[in-house]
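Order of listing sets the numbers, starting from 1, for every ligand and every atom in it.
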Amino acid sequence: MGRIVQKFGGTSVGSVERIQNVAKRIIHEVDAGNEVVVVVSAMGKTTDELVKLATEISGNPSKREMDMLLTTGEQITIALLTMALHQEGYKAQSLTGWQAGIQTEDAFSNARILDIDSKRISDLLKDGHIVVVAGFQGLIPETKDIATLGRGGSDTTAVALAAALKADRCDIYTDVTGVYTTDPRVVNSARKLPSISYDEMLEMANLGAGVLHPRAVEFAKNYNITLEVRSSMSEERGTLVEEEVSMEQNLMVRGLAFEGNITKITVSSVPNEIHALAELFTILASNGINVDIIIQNVLNEEKTNISFSIESNSLSATQEVLAAHQAQLGFESISYEQGLAKVSIVGSGMISNPGVAAKMFKALSDQEIMIKMVSTSEIKVSTVVKQEDMIKSIETLHDVFELDARVPVQNT
Ligand code: ADP
Ligand code: ASP
Ligand code: MG
């Protein structure tokens, strides 16, 4: 007998029929003799609709109330799915995040899970129940407030529970059949990967591949939990996210990730002093502004320009913070460029292959695509391009790195 955590995303539980379909998939595992813990998201686009409702009331809603609101979505699904399991004659109980013992840090909207007291779940499992847990939420122990884990955070609930319960498997059911070389909804020739390493998946997720929440991958890596990402609508085997990639070792590039809505800020003529960078980025960080790629362009001995990229929706906050500290930082002016996107290639084989970045830049320049910023790590190269060039960049790179050219996955 095994212990399994199954997670079903929003589309997979988007209607009564789909909830009934999910119940059947759970029952399949239970009938095979497994203990099953299920984590679910809010139905369909419920979370987006709740966000919209809040913004109709307030341009700047309280983060506490926002989390109170958004966690209701998952609460609907756990109750309905549990009823569907009862309907099929199975013992099941739903638990909110706090009932499931999920404790988070004291932060709203993007809280990390710090600990899980899994006794209640273990007792229910021992008693023969299927346990259905609300994803994306936990409790701040000090204040007893409800916090959410960030958009897409139900994946993290599932993997964290799998770690706490020492589960044998963690299956992430979604609306695509696995992790692809890039988003299959954007690039038709995207190819499903049989497996991907934790490090590559973590880069992909952090660089915009929404198929898994980055913290879920972190948990999986830290606790060595193999994940299978697969479809709730088909029997096709999915993609294994694991330590060692079992096939296709040493690929130079395993996948592409991308995200739009990026703005580049340039702070001009900053005094070229030892503390300049530290001071600027400390001020931005302490005001909660997330900075991504940074470029320093020294003009002369006295002055330097500093550019950095941010999410476009933090533009006005960034401008306000910089303006408020202009005298302290001593820069001359700020300029910005909106409508940018980040396109990244990811692959652990890059470490030992010089020339991957060069090949990427050449491919983009052959298409007359202007690269505005670059950042690299051992296993990725990211470029910032105009948003209007994003799709063309992805398609070009997908071709150039021959990501669709390998043997298709054999379904089992
Ligand atoms: P869920 O609600 O099940 O959590 P998500 O919408 O969060 O589903 O994630 C699945 C979506 O991720 C897919 O529909 C797909 O558009 C997107 N996606 C982005 N990059 C990839 C990728 N590399 N492979 C597969 N799906 C991807
Ligand atoms: N319902 C939440 C969201 O839409 C959490 C999740 O689906 O993982 O972001
Ligand atoms: Mg998701």
Side-chain angles (χ1 to χ4, degrees), residues 6-14 18 22 25 38-52 66-67 69-78 97 109-111 113 133-138 147-160 171-196 200-217 227-233 236 238-241 253-260 343-347 390 394 397-398 403-404 409:
Q6 295 181 298
K7 181 257 168 178
F8 295 90
T11 313
S12 306
V13 293
R18 289 191 171 169
V22 163
R25 295 207 81 133
V38 185
V39 173
V40 284
S41 294
M43 291 172 70
K45 299 263 168 253
T46 302
T47 313
D48 292 335
E49 283 155 19
L50 292 171
V51 170
K52 185 161 171 289
M66 202 62 196
D67 280 3
L69 175 70
L70 297 192
T71 49
T72 60
E74 273 67 15
Q75 204 168 325
I76 294 173
T77 324
I78 53 172
S109 84
N110 200 16
I113 294 178
V133 181
F136 169 61
Q137 56 176 263
T148 61
L149 311 181
R151 295 302 305 269
S154 295
D155 298 331
T156 300
T157 306
V159 184
D171 298 338
I172 308 284
Y173 287 89
T174 182
D175 57 4
V176 284
T177 52
V179 178
Y180 282 66
T181 47
T182 191
D183 190 338
R185 295 191 196 285
V186 175
V187 177
N188 280 336
S189 57
R191 187 177 54 93
K192 190 173 84 178
L193 297 165
S195 58
I196 184 168
E200 290 170 322
M201 191 63 236
L202 191 55
E203 286 281 15
M204 292 274 284
N206 275 321
L207 293 168
V211 63
L212 280 177
H213 194 235
R215 282 190 200 136
V217 187
L227 308 180
E228 182 170 348
V229 178
R230 56 185 301 187
S231 165
S232 60
M233 325 282 172
E236 192 177 322
T239 300
L240 297 177
V241 184
V253 175
R254 197 168 311 271
L256 305 176
F258 54 91
E259 55 189 330
V343 175
S344 309
I345 54 174
V346 174
M390 184 176 85
I394 304 158
L397 296 171
H398 204 263
L403 291 179
D404 54 355
V409 184

Determine, using heavy atoms of [X] and all atoms of ligand 1, whether some pair is separated by less than 4.0 Å.
X	result
Pro184	yes
Lys7	yes
Ser12	no

State the atoms of ligand 1, each with its element, that fall below the 4.0 Å cut-off from a heavy-atom position in [X].
X	value
Gly210	7 (O), 9 (O), 12 (O), 19 (C)
Val179	24 (N)
Thr182	22 (C), 23 (N)
Thr174	1 (P), 3 (O), 8 (O), 9 (O), 10 (C)
Gly178	24 (N), 25 (C)
Asp175	10 (C), 11 (C), 13 (C), 14 (O)

Side chain or backbone of Met201 under 4.0 Å from ligand 1, or both, or neither, by non-hydrogen atoms?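 Answer for Met201: neither.
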
Which atom names give the shortest non-hydrogen contact between [X] and [Y], and what distance separates them?
X	Y	value
Met204	Thr181	CE-O, 3.9 Å
Ser154	Val40	OG-O, 3.9 Å
Arg254	Glu200	NE-OE1, 2.6 Å
Gln137	Thr71	NE2-O, 3.3 Å
Ala42	Thr77	CA-OG1, 3.5 Å
Phe136	Thr157	N-OG1, 2.8 Å

Check Glu74 against ligand 2 and report side chain, backbone, both or neither, counting heavy atoms closer than 4.0 Å.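 The side chain, only.
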
Within the structure, does [X] bring an N/O atom to less than 3.5 angstrom of an N/O atom in ligand 1?
X	answer
Ala209	no
Arg185	yes
Ser41	no

Take every heavy atom of Gly152, measure it against each atom of ligand 2, and state whether any distance is under 4.0 Å.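 Yes; Gly152 lies near enough to ligand 2 that a heavy-atom distance drops under 4.0 Å.
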
Look at ligand 2 and say whether Gly153 reaches it with a heavy atom at a distance under 4.0 Å.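 Yes, Gly153 has a heavy atom closer than 4.0 Å to ligand 2.
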
Which value, rounded to the nearest 0.5 Å, describes the distance between [X] atom [atom1] and [Y] atom [atom2]?
X	Y	atom1	atom2	answer
Ser41	Glu74	OG	CD	5.5 Å
Ile345	Leu403	CD1	CG	9.0 Å
Ile113	Leu149	CD1	CG	5.0 Å
Met201	Leu240	CE	CG	13.0 Å
Lys45	Leu50	NZ	CG	13.0 Å

Give the residue and atom name of whichever protein heavy atom lies nearest to [atom], and the separation in Å to one decimal.
atom	result
atom 15 (C) of ligand 1	Asp183 OD1, 3.3 Å
atom 27 (C) of ligand 1	Val211 CB, 3.6 Å
atom 24 (N) of ligand 1	Tyr180 N, 2.9 Å

Hey, is ligand 2 close enough to Ser41 that some N/O pair sits below 3.5 Å?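 Ser41 vs ligand 2: N/O contact under 3.5 Å present.
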
Mind checking what makes salt bridge (Lys or Arg N to Asp or Glu O under 4.0 Å) contact with Asp171, not counting sequence neighbours?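 With sequence neighbours excluded, Asp171 shows a salt bridge (Lys or Arg N to Asp or Glu O under 4.0 Å) to Arg169, given in chain and number order.
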
Taking atom 3 (C) of ligand 2 as the point of reference, which of Arg151, Lys45, His213 owns the nearest heavy atom?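 That would be Arg151.
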
Scan the protein's non-hydrogen atoms and note whether one is under 4.0 Å from atom 2 (O) of ligand 1.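 Yes, there is one.
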
Only heavy atoms of Phe136, strictly under 4.0 Å: list the atoms of ligand 2 that pass.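 So the answer, numbered in order with elements, is 2 (C), 5 (C).
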
Short N-O contact, Asp175 and Arg185, less than 4.0 angstrom: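 Between Arg185 and Asp175 there is a salt bridge, with a charged N closer than 4.0 Å to a carboxylate O.
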
When you measure from the side chain of Ser231 to the backbone N and O of Thr177, does any donor-acceptor pair fall under 3.5 Å?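 Not at all, since once roles are kept as given, no pair shorter than 3.5 Å links the two residues.
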
